[in-house]
Structure formats: structure tokens, C-alpha cells
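All chains are named by letter (A, B, ...) in the order of the sequence lines, taking the proteins before the strands, and each is independently numbered beginning at 1.
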Amino acid sequence: MVEPTTKESRTQAVYTTLNHIPVGKVTSYGKLASYAGLPGYGRYVGKLLRELPADTSLPWHRVIRSSGQIAFPPGSESFTRQKTRLEKEGVSVINGRIAIKDFQWTP
DNA sequence: GACATGACCGCAC
DNA sequence: AGTGCGGCCATGT
């Protein structure tokens, strides 16, 4: 049988890993995918987060690009929303970039 | 099934 | 340090 990797299992794996990111730390789409057991699924992670409901309890704002920058165009609503949430958790964002040296979270 | 799109990534210049 | 290009995966037309 070859179907242990269904859409639901992938989604669940990503959600679970995302929910384990502690406050004050962030990770990247690609790293999150790898930690969830899905290396190379960075784009898919972005798609999942995009499909999240507005009232979700998942810390989607703790996911940024590997370059340390927010994935939204500066000034957009999503950008501001993410920046505000991050700063409320103690993560400084300057010019769309995470201002701390050790922003990467490792399980 | 081919082509285009997207909250991505790594490497080369 | 900024830009470009190919690679990656799932979806929608």
C-alpha cells in the first residue's frame, strides 16, 4: 500500500509542528516542512497557512522566509498583522526583517 | 495532460 | 548585498 502520505496527514503534521513553536522564536517555511517530515514542501506550507481561517489558534505569524523576512509585501494588511503579532510576543521586526540574531527555532 | 500560479529555497553572479 | 534562475510540491484552469 502506498498512501500513508495523504493530504490530511501532511496537513496534520504541519499544524502539529507549527503549534510547537515557542513564543519568541520563529522558523521558516522550508524548515517547518522539514521538521514536519516533509522536506521540500515549503511552498505547500505557505498554501496551508493561506487556507487557515482568520480565527485560527495556530501561530502562523511565527513562520517567515529563510532570509529572515516576512513573506508579505511591506505595508499590506497581512504584513502589518504578522508584524504586530510578532512584536506583541517580543520579536522585533525592523524593515520587514527579524531583528534578532537567533530567530531560528530548532525542535 | 500541459501550463500557470504561489505566505518557498539554495546557489551562482 | 541585491538579483536571477532553476528546483520543488500541490492546485486550478
Is the phosphate of C:dT11 approached by A:Lys7 (side-chain N or O, under 4.0 Å from OP1 or OP2)? yes
Less than 4.0 angstrom between a side-chain N/O of A:Arg50 and OP1 or OP2 of B:dA7, yes or no? yes
side-chain N/O A:Ser28 vs B:dC9 OP1/OP2, d < 4.0 Å: yes
Looking only at heavy atoms, what is the nearest atom pair of A:Arg62 and A:Ile21, with distance? NH1-O, 2.5 Å
To the nearest Å, how far apart are A:Arg43 CZ and B:dG10 P? 13 Å
Among A:Glu89, A:Lys88, A:Lys83, A:Gln82, find the one that has a side chain to side chain donor-acceptor pair (under 3.5 Å) with A:His61. A:Glu89
Take the protein atom CD1 of A:Ile70 and the nucleotide atom P of B:dC8, then report the distance between them rounded to whole Å. 12 Å
Side chain of A:Ser66, heavy atoms from C-beta onward: which of C:dC9, C:dA10, B:dC9 has the nearest atom to it? B:dC9
Roughly how far apart, to the nearest Å, are C:dG7 and B:dA7 at atom P? 22 Å
Can you tell me the distance, in whole Å, between the CG atom of A:Asn95 and the P atom of C:dG2? 10 Å
Figure out the CH2/C1' separation between A:Trp60 and B:dC8, and round it to whole Å. 17 Å
Taking NZ from A:Lys31 and C1' from B:dA7, how many angstroms apart are they, rounded to a whole number? 18 Å
With heavy atoms under 4.0 Å as the rule, sort A:Arg65 into base, sugar-phosphate or nothing. sugar-phosphate
For A:Phe79 and B:dA7, what is the distance between atoms CZ and P respectively, to the nearest whole Å? 15 Å
Do side-chain atoms of A:Ser76 reach the backbone of A:Pro73 as a donor and acceptor pair under 3.5 angstrom? yes
I want to confirm an ordering. Mapping A:Arg97 and A:Tyr44 to their closest nucleotides on DNA chain C, which one lands closer to the 5' end? A:Arg97
Under the 3.5 Å rule, do the base of B:dA7 and the side chain of A:Tyr29 count as making a donor-acceptor pair? yes
Measuring to OP1 and OP2 of C:dA10, would you say a side-chain N or O of A:Tyr41 lies under 4.0 angstrom away? yes
Report the distance from atom CD of A:Glu51 to atom P of C:dT11, rounded to the nearest whole Å. 10 Å
Atom pair distance, as rounded to whole Å: CD in A:Gln69 and C1' in B:dC9: 14 Å
Of all the heavy-atom pairs spanning A:Leu48 and A:Tyr15, show the shortest one and how long it is. O-OH, 4.2 Å
Which atoms form the tightest heavy-atom contact between A:Ala33 and A:Gly42, and what is the distance? CB-N, 4.1 Å
